[in-house]
Colleague: 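Could you have a look at this structure, given as structure tokens, before my questions?
Hydrogens, waters and symmetry mates are skipped; everything else that's a heavy atom, side chains included, is used. The structure displayed is predicted, hence computed values, not measured ones.
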Amino acid sequence: QVQLVESGGGSVQAGGSLRLSCVVSGYTYRSYCMGWFRQAPGKDREKVATIYTGDGYSYYVDSVKGRFTISQDGAKNTLYLLMNSLKPEDTAMYYCAAGGSGAYCAPGLVFRNWGQGTQVTVSS
């Protein structure tokens, strides 16, 4: 069974940094799409960043461009999200997700596998 476990969340002041990690187990695919999503209370779930493991091609939502960096370590089966210059509006529960075999990070891709989430709180 596929399992994704996030870690690295916490409470920081505006301008601070955090690095989120997502360890993936049970996946036998060589190339697939992985992503980070977030959801704040009363808000819709938002796609933050994605990366295709086949070539490292990445995508970022406009609000985090230049501040967040998504990366993956195939040997460690781990996905990362480095978040710099954090803002109060970044406060949310962050989830990692994985697509299926051969799935490119297309805008309409539906992610089937999700982690339980890790909380990020940014105070002003």
Colleague: If you round to the nearest 0.5 Å, how far is CG of Leu82 from OG of Ser71?
Modeller: 7.5 Å
Colleague: Is the shortest distance from a Lys or Arg side-chain nitrogen in Lys65 or Asp62 to a carboxylate oxygen in the other one below 4.0 Å?
Modeller: yes
Colleague: Within a reach of under 6.0 Å around CD of Gln116, are more than 12 heavy atoms found that belong to other residues, nucleotides or ligands?
Modeller: no
Colleague: Would Met93 and Val12 show up in the same hydrophobic cluster when neighbours are defined by side-chain heavy atoms closer than 4.5 Å?
Modeller: no
Colleague: Of all the heavy-atom pairs spanning Tyr95 and Gly115, show the shortest one and how long it is.
Modeller: CD2-O, 3.6 Å
Colleague: If I take atom CZ from residue Arg19 and atom CG from residue Leu81, how far apart are they, to the nearest 0.5 angstrom?
Modeller: 10.5 Å
Colleague: Checking side-chain contact (heavy atoms from CB on, under 4.5 Å) for the pair Val24/Met34: CA distance, chi angles, key distance, verdict?
Modeller: CA-CA 10 Å; Val24 182; Met34 295 196 71; 3.3 Å; yes
Colleague: Indicate the atoms forming the closest heavy-atom contact of Ser31 with Thr53, along with that distance.
Modeller: CA-OG1, 3.1 Å
Colleague: Would a 4.5 Å heavy-atom cut-off, applied to side chains only, mark Cys22 and Gln72 as touching?
Modeller: no
Colleague: Before giving the answer on side-chain contact (heavy atoms from CB on, under 4.5 Å), spell out for Glu6 and Leu4 the whole-Å C-alpha distance, their side-chain angles and the decisive distance to 0.1 Å.
Modeller: CA-CA 7 Å; Glu6 303 97 332; Leu4 294 82; 5.6 Å; no
Colleague: How far apart are the closest heavy atoms of Ser21 and Thr78, and which atoms are they?
Modeller: CB-CG2, 4.3 Å
Colleague: Report yes or no: is the cationic atom of Arg45 (NZ for Lys, CZ for Arg) under 6.0 Å from the centre of the six-membered ring of Phe37, at an angle within 45° of the ring normal?
Modeller: yes
Colleague: Just wondering, do Tyr80 and Thr69 contact through their side chains at under 4.5 Å, heavy atoms?
Modeller: no
Colleague: Quick one: does Tyr27's side chain get under 4.5 Å of Asn113's, heavy atoms only?
Modeller: yes
Colleague: Would you tell me whether Asn84 and Ser17 have side-chain atoms, one donor and one acceptor, within less than 3.5 Å of each other?
Modeller: yes
Colleague: Which pair of non-hydrogen atoms, one from Leu109 and one from Cys33, has the smallest distance, and what is that distance?
Modeller: CD2-CB, 3.6 Å
Colleague: How close do Ile70 and Ser58 get, heavy atom to heavy atom, and via which atoms?
Modeller: CG2-CB, 3.7 Å
Colleague: Taking the ring centre of each residue, are Tyr52 and Tyr32 less than 6.0 Å apart?
Modeller: no
Colleague: If you define the side chain from C-beta out and look only at heavy atoms, does anything of Val122 sit under 4.5 Å from Gln13?
Modeller: no
Colleague: When rounded to the nearest 0.5 angstrom, what distance separates OG1 in Thr121 from CG in Asp90?
Modeller: 11.0 Å
Colleague: Is the shortest side-chain heavy-atom distance between Met83 and Val120 below 4.5 Å?
Modeller: yes
Colleague: Compare all side-chain heavy atoms of Tyr59 with those of Cys105 and state whether any distance is below 4.5 angstrom.
Modeller: no
Colleague: With heavy-atom distances below 4.5 Å as the criterion, would you say the side chains of Leu20 and Trp36 are in contact?
Modeller: yes
Colleague: Mind checking whether Leu86 and Phe68 have side chains closer than 4.5 Å, heavy atoms only?
Modeller: yes
Colleague: Kindly give the heavy-atom pair with the smallest separation between Arg38 and Ser63, and that separation in Å.
Modeller: NH2-OG, 3.5 Å
Colleague: Short question: side chain of Tyr94, backbone of Val48 - any donor-acceptor pair under 3.5 Å?
Modeller: no
Colleague: Cluster question for you: counting only ILVMFWY and a side-chain heavy-atom cut-off of under 4.5 Å, with indirect links fine, are Val2 and Ile51 together?
Modeller: yes
